[in-house]
Structures are given as C-alpha cells and as structure tokens.
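Below is one structure; the comments refer to it alone.
Since this is a predicted model, take the numbers as computed values, not measurements.
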Amino acid sequence: MKLHEGLFVFVLLLWFIASFMIHGSNHHERKPYIVYMGDLPAGSPSTTVADDHHNLLLDAIGDEKIARESKIYSYGKSFNGFAARLLPDEATKLSDEESVVSVFESRKKRVLTTRSWEFLGLNHQYSKRNPLIESNLIVAVFDTDSPSFSDEGYGPPPPKWKGKCVTGPNFTACNNKVIGANYFDLDKVTSYPELSVADTDGHGSHIASTVAGSAVAGASLYGLAKGTARGGVPSARIAVYKVCWSVFCNEMDVLAAFDEAIADGVDLISVSIGSPPMDFFRDGQAIGAFHAMKKGILTTTAAGNDGPELFTVENVAPWIMTVAATGIDRGFVTAFELGNGNKFTGGSINTFSPQKQMHSLTSGAKAAFNNGTPHQGNASACDPNAMNQSKVKGKIVYCLKTYTDPSIKSLGGTGVIQLTQQQTDYSSILLLPGATIPSVSGKYIDLYINSTKNPKAVIYKSETVKIDAPFVASFSSRGPQRISSNILKPDLSAPGIDILAAYTKLATLTGDTSDSRYSFFTVMSGTSMACSHATAAAAYVKSFHPDWSPAAVKSALMTTATPMKIKSEDVVLGSGAGQINPTKAVHPGLVYNISFDSYISFLCKEGYNNTTIGLLGGSKKYNCSKIKPAQGTDGLNYPTMHKQLSDPSSAIEAVFYRTVTHVGYGASLYRANISSPDSLSVKVFPDTLNFVKLHETRTFKVVVKGKPMPKGTQILSALLEWTDSKHIVRSNILIYREKI
Ligand SMILES: *[C@@H]1O[C@H](CO)[C@@H](O)[C@H](O)[C@H]1NC(C)=O
Ligand SMILES: *[C@@H]1O[C@H](CO)[C@@H](O)[C@H](O)[C@H]1NC(C)=O
Ligand SMILES: *[C@@H]1O[C@H](CO)[C@@H](O)[C@H](O)[C@H]1NC(C)=O
Ligand SMILES: *[C@@H]1O[C@H](CO)[C@@H](O)[C@H](O)[C@H]1NC(C)=O
Ligand SMILES: *[C@@H]1O[C@H](CO)[C@@H](O)[C@H](O)[C@H]1NC(C)=O
Ligand SMILES: *[C@@H]1O[C@H](CO)[C@@H](O)[C@H](O)[C@H]1NC(C)=O
Ligand SMILES: *[C@@H]1O[C@H](CO)[C@@H](O)[C@H](O)[C@H]1NC(C)=O
Ligand SMILES: *[C@@H]1O[C@H](CO)[C@@H](O)[C@H](O)[C@H]1NC(C)=O
Ligand SMILES: *[C@@H]1O[C@H](CO)[C@@H](O)[C@H](O)[C@H]1NC(C)=O
C-alpha cells in the first residue's frame, strides 16, 4: 500500500548504514545466504549437524577463521541447513555439494475484530465450540511483535509446549494466554533496547488478537466500529516469534522461527509476511512450511498487497494456505460541509469531533508562497516546503494529492480535504480531521474556494455504514502464478479491509510522534489481517478435528467458502475458492486430502532434481523413479482445478484426478453438479460417489475440453459441486491463458 512507501526508503537507507558499520570493510562483499539441506539426517544430535555445517563451510571457504566468522546460524531443530555470509563463488561451490538442496541469498521480506467474525457467521454466543480442545491449540504468529494479553481463566500451557519465553525491554513476562515469545535478528539490524519482542508498531497485537484474542466488550476506535473484539479462537494459546524489525523481515530469521516453532510443538503457523515468489526450495517460507506440513502443522500466509494486477500473488507453494483479502459489510465514511451548505462524503477515518461550527478553508494552491519566493515542491499537492505557513495555520486545506495530513499538521493546519486518483476500498487513519475524496468531486470544492470571499468548511467525525459484501480488496494480490502454474492461488479469502483489533500502547494511532492519540484498538487493512482470520478459522476447524491433516483442514475451508457477491471476470483469481465460512468448514462432508508422499510425487512431476527430492525425505531417501507418478494436469489432489495454457492459441484439454475422503456421518450418496460456460465442456467420471462409512475414499476424474479461446478472452471459469442432502463440496475450475 502506498502509505508505507516513504517509510520503506527511509528504513532501507538505515539498514545499509547499519550493515556497513557491523560488517566493516574486510567482509563487505559477503552477503547472508541460506544453505538449505533438506530434512534432518536420521538420529544425528544437533552438535554433529553444526559440525557438518562448519566442515561444509570450511571446504567452500578454505580458511578456518573466516569459515568460523562467516557462519551466522545453524538450523537443525526441524530441518537441516545454515545461514552464512558468503561470496558468490563460495555459494556456487556449496550448491554443488551432494548434501545441499539449494543456496540462496537471504531476502528482505515485508510485513504485509469486532465486526468481521459476526459477518462470517462465527458468533461467539451461538456457535458451537470445543473449548477443551481449543485451549490445547497453540498458534504460532510470526510477525513484528508480541502483544500483552490477559490470561484470566486460562489453565497452564498444554504439556506438549516446549517453547521459550524470551523477555526484554517493554516485555517482561509470558502468561497462560501468550505462552511463548521469541525473536530472531540474525543479521543484527536492531540493538538494545529495541531488541525485544515488545510490540512497538501494533501489527503483531492486531494479528494475534484477531487469531486468538480473548473477548473484550465495548471495543472501539474512539467510539467507531463499536462491539466486542475477540479472536476467532479465543481459547487458543499464542506463541509469538518476532522476525520483523520495522517493516522488514529477513528470510533467515523467518526460517529460524519455523525451525523453532515446529520443534516447540505449535499446531498452526501464521505468517503475514511476503516477497515475490521463488522456486519452492529457494524460498524460506515455502521451505519452512514444507517441514511444518510434514509434522502436521498448517501454515497460513498472506497473498500479498500488490493487486489488482494479475500474477502478483505470493507464497504459492501448494502446502501453504494462501489468503486473499475481502471487504466486510461495514465501511467508514467521513462527511464534511462547505460554508454554502453543500455536503460531501469521503473516505479515511476521522476520530475527531469538530471543535466549532466552521473553520476557514483554503487550498494548497492558494497557500503557495508569493511569486518569486524560492521554494521546493508543489503547493497544489500540499508539499510542506511549497506552502506559506501563515496561510495554512488554523485552516482546513484542500490538496490535490493523498497522504498530505502530516504536512498540513506540521504547518499548523486544522484539517485536510484531499484528492485520491484511485478510489480505494480501505480507510486510513489521518493525523488530523480529514476526508479523502475522488478527483471528480474536487473541481467543485476548488471552485468554491476560488469564488468565495471567506471559504469555510467543517469535517465531521467518521461514521460506519453498511456496504455490499463480500468483495475482493483492490490491493489483494491476484493469481495466477508461474512457480507451479497449474495450482490456483490464492486459495481462499478472508476479511482484510478496515479490521478492528488490538493495538499496542507503545505507539500512537498513526505511529507519528506528533500524534497524541493512543488506543487499545485500531483499524488496519491488508492481506495480513485476512491471514489472521484464516489462521483462526483453521484453528477452529482443528479444534473439532485434531487428527485432520493440514491439507484436510485447508480443503474443508476451501470447499465450504462463500463465493464473492460482487463478481468480475477475474474474481476467482482474486478470491480463490471464496470467503471462509468457519462454521460450515467444520462439516465439509468430503475432503481432498494430500499425504506427504503425494507432495513428493508432485515435486517429481514438477521436475525437481532427484538429489533435492532425496534430501527432502531425510532418512527416507525418496527416488522419483520408484514413486507412483503423479497423474493429470496438476498432479496433486487439490481442492481447486486449474490450467494455464502454455500455448495461448491451443485447444483446451485438461484432466484432473481426484480422491475425496468421506468425513460426514454414515452412508452418503454424492452427485456431481457442474456449472460451466457454453464454450467449456466439463465431464466427471463417475458422476456419483457412494460412501458407506467414515473415512472411505473415492476417486474420480474431471475432463475439461474446449476450442481455442476467442480473442479477448483470458479466463474461463466453471464449478464442480458434489452434493448430498446436507453438504455442498465446491471446487472452482479455472482455465487461464496469457493475452494474445
Ligand atoms: C541435481 O543437483 C545437484 C546438486 O545441486 C547437481 O550436482 C546435479 O547435477 C543435479 N542433477 C540433475 C539431474 O540436474
Ligand atoms: C521500551 O523500554 C526501553 C528501556 O526500558 C525504553 O527506553 C523505551 O522508551 C521503551 N519504549 C519503546 C517504545 O521502546
Ligand atoms: C506569507 O504569508 C503572509 C501572510 O499572508 C504574507 O505576509 C507573506 O508575505 C507571505 N510570505 C511569502 C514568502 O509568501
Ligand atoms: C502538482 O501536483 C498536482 C497533483 O498531484 C498535479 O496535478 C500537478 O500537475 C502538479 N504540478 C506541477 C507543476 O508539478
Ligand atoms: C483556483 O485557484 C488556483 C490558484 O489560486 C488555481 O491553481 C486553480 O486552478 C483554481 N481552480 C479553479 C477550479 O478555478
Ligand atoms: C489425510 O491423510 C493423512 C496422511 O497423509 C492421514 O493421517 C489423515 O487421517 C487423512 N485424513 C484426514 C481427514 O486428515
Ligand atoms: C533411483 O532409482 C533408480 C532405479 O532404481 C536408480 O537407477 C537411481 O540410481 C536412483 N537414484 C537415486 C538418486 O538414488
Ligand atoms: C530422476 O531419476 C530417475 C531415475 O534415476 C530418472 O528417470 C528421472 O529422469 C530423474 N529425474 C530428473 C528430474 O532428473
Ligand atoms: C447445481 O449448481 C447450480 C449452480 O451452483 C445450482 O443453481 C443448482 O441448484 C445445483 N443443483 C443441484 C441439484 O444441486
């Protein structure tokens, strides 16, 4: 989102300075790399694993002392590998080693409610719960910081918990709610007193409280969006692993958190962090999630905030649950009135009630310095160095650009009416009373200011309104993807616009030091917020079915999701299977299960190097030629079916082999119901599935055929629903081709 861009550059600059100072001149060409070595070798204690790492490094570097200094960290609790500062030729040498899967630079990744849970139908009072099992669930949150949550009414942590509680400045203890806290800063970008799990920017508190926050009645942001704030699984425990410092998260830290969390005994992992997708085994999150999956832990991640363009989705590995953001039925509007009585509404969140009836109104253009005065920037756009402070002071200022509130505030202005070129579907909290309006409405206000002797305006406090939902957030990243092109991503969607959840007491509402507002709750938007909702939904399903595999939990959430109400051609590429419906997901009827071995066959089909495959299985040395080959277009028992045409002018031909597991009660007869456009033939063999008892599996085949797509068509979308009298098991079928 644009809001963070300024911050981005600033932080990057700081990081360069810091890394220069730490590493000095003799190591300045070395960069942090991750050397990934697959699963742990059978029965090796971690000390011998670390010795192996040193010996490998010594071989590649040739100098004992430099090898020792270059090593940053040994992974070895849940998978094998290490992080080290390497020169490019040393990285190449290491990647040729038999025992090494991949060597890649550790990338900088970025950090990507009251109303929302009721909207999803998971009403605390009326929804069935399994509090006993729920309270045994441990959800790992990888994020910026750790929140402090009350543990009133919680028993001691479940016995399986083996994690740590690392305290530090502003974070003094864990409790029976937040049972674990740890941080990773292997590249030493942060120092005391900031080096702590303490929540200094509020993102972590927001995420963790959406997942598993205890209920807090009367939560609101200055009276806005009032209601009871609570997480989706309020009884579950939270373990926080802080891997982001400011908005950046280092890949080797993310991987360290996976290594630790899997070994600590968590049940689910939530990672609201993203970066452009990479080959699965050169991507820290895909690697971490792969080993989590092997241990039965589902990893949920955010799809990214780079929409609405296609091919922007991140975190695309099939063993990850990738979550897009949708809008809920509550929006914010801010009304303002001009001196002539004309009223307008805009976006943005204004927590201030007007102090007096009317304020003087001016525009950036009119507040410009006198002609001939040296200045910088563009006054119409309200650049602070282009405006005369004495013409801004005490006034509401009309600006042709967004994010002008800090400038107007710094010059003593009392409010802002600002233009946005792109209509956004989320609201930002402004530093002072303000409204954001679309460019088209701007002309009238400009004219009023220019043609009136004493122009005036008043901006009212924001109000919440009911809006049509769900819809895909404009910023939410879209599929398809190029890493494994026949797996449809994102998988599903969850609320991620204007979500009210817990905030930190260590930062002001906007994070700006000139702001004096502090709040226990705030409103945030992003696929991060969607990710936390989906993690909670997965935990909710898991509390009823503790023995379900990660793929089964994900399948249940996908096949019961609600399709978007507001449709566009690319709606499935934006929302995946649709918006999560946690209560329905508890009883999906059928699930598309995927075993670890099936993922291995899939990877063989995708052409992964035999050496790689051998190392992924650890002691069980897989060999592609000895495994039942993955069949069909995608080679995986995925709950959606997708094909990207490699030749855009070719006829459509795709075959999907699927196996469903009966997880309903007693005998059931399911019938296939297909909806498809005229240009697409979709046939299912067989088209009825008969189950006699629980956990029986049935296999079927879906054959999709069609003529070459006409010019101008890029997407053809169909639907397969298996229905008995009680369930609808929905699978999207999507054919995509590049524009020609
Ligand atoms: C597989 O990877 C290893 C190590 O990177 C390499 O030595 C080998 O040549 C590769 N094999 C094939 C068949 O590509
Ligand atoms: C945290 O604690 C340190 C030292 O105890 C203190 O200096 C600092 O102001 C506190 N607040 C933040 C936001 O770090
Ligand atoms: C700034 O505005 C004041 C008050 O209108 C005016 O007296 C002064 O000349 C202006 N200065 C410049 C440099 O524009
Ligand atoms: C000043 O900014 C506005 C709004 O972004 C833009 O329309 C205008 O062209 C800019 N003027 C100059 C001189 O750059
Ligand atoms: C209003 O006046 C400013 C200069 O003071 C000018 O830039 C702007 O174009 C005018 N707007 C209209 C709608 O006349
Ligand atoms: C799914 O497969 C796993 C093994 O891969 C198995 O343990 C589990 O029972 C299966 N069924 C469900 C519903 O998870
Ligand atoms: C895999 O199995 C084939 C056939 O048995 C064998 O020739 C090959 O050497 C094996 N590859 C590995 C990496 O073990
Ligand atoms: C993997 O090894 C098998 C047998 O050794 C061979 O048939 C297959 O082509 C190899 N795959 C790759 C990707 O090298
Ligand atoms: C088949 O699916 C369509 C579209 O979702 C739906 O309108 C129809 O009611 C379904 N038919 C049955 C028999 O479930």
Not counting sequence neighbours, which residues clear side-chain contact (heavy atoms from CB on, under 4.5 Å) with [X]? List them please.
X: Q714; answer: Y736, K739
X: N673; answer: E721
X: K565; answer: D468, P470
X: I437; answer: F336, I417, L419, S441, I445

Taking atom types as modelled, find out whether [X] and [Y] have a side-chain donor-acceptor pair closer than 3.5 angstrom.
X: T436; Y: S348; answer: yes
X: N732; Y: T640; answer: no
X: T300; Y: S270; answer: no

Partner residues of [X] under the side-chain hydrogen bond (donor to acceptor under 3.5 Å, both in side chains) criterion, sequence neighbours left out:
X: S427; result: D498
X: T562; result: none
X: R671; result: none
X: E309; result: none

| Stepwise side-chain contact (heavy atoms from CB on, under 4.5 Å) test for K554 and W319 | CA-CA 9 Å; K554 178 168 132 183; W319 44 86; over 6 Å; no
Practice problem: May I ask you to test the F656-D634 pair for a side-chain heavy-atom distance under 4.5 Å? | Solution: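 Side chain of F656 against side chain of D634, heavy atoms only: contact under 4.5 Å found.
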Sub-4.5 Å side-chain heavy-atom contact between P308 and R478: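 Yes, close enough: below the 4.5 Å cut-off.
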The complete set of ring pair (Phe, Tyr, Trp, His ring centres under 6.0 Å) pairs with one or both residues in residues 557-586, sequence neighbours excluded, reads none
Quick one: list whatever passes salt bridge (Lys or Arg N to Asp or Glu O under 4.0 Å) with [X], sequence neighbours left out.
X: K643; answer: none
X: R737; answer: none
X: K461; answer: none

Is there a donor-acceptor pair under 3.5 Å between the side chain of D515 and the backbone N or O of T510?
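Yes: the side chain of D515 pairs with the backbone of T510.
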Kindly determine whether N315 and T322 satisfy side chain to side chain donor-acceptor pair (under 3.5 Å), including the steps that lead there.
CA-CA 6 Å; N315 294 313; T322 314; over 6 Å; no
Salt-bridged, K542 to D267, with N to O below 4.0 Å?
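Salt bridge flag = no for D267 with K542.
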In this structure, CG of L430 is separated from CD1 of I459 (nearest 0.5 Å) by 9.0 Å
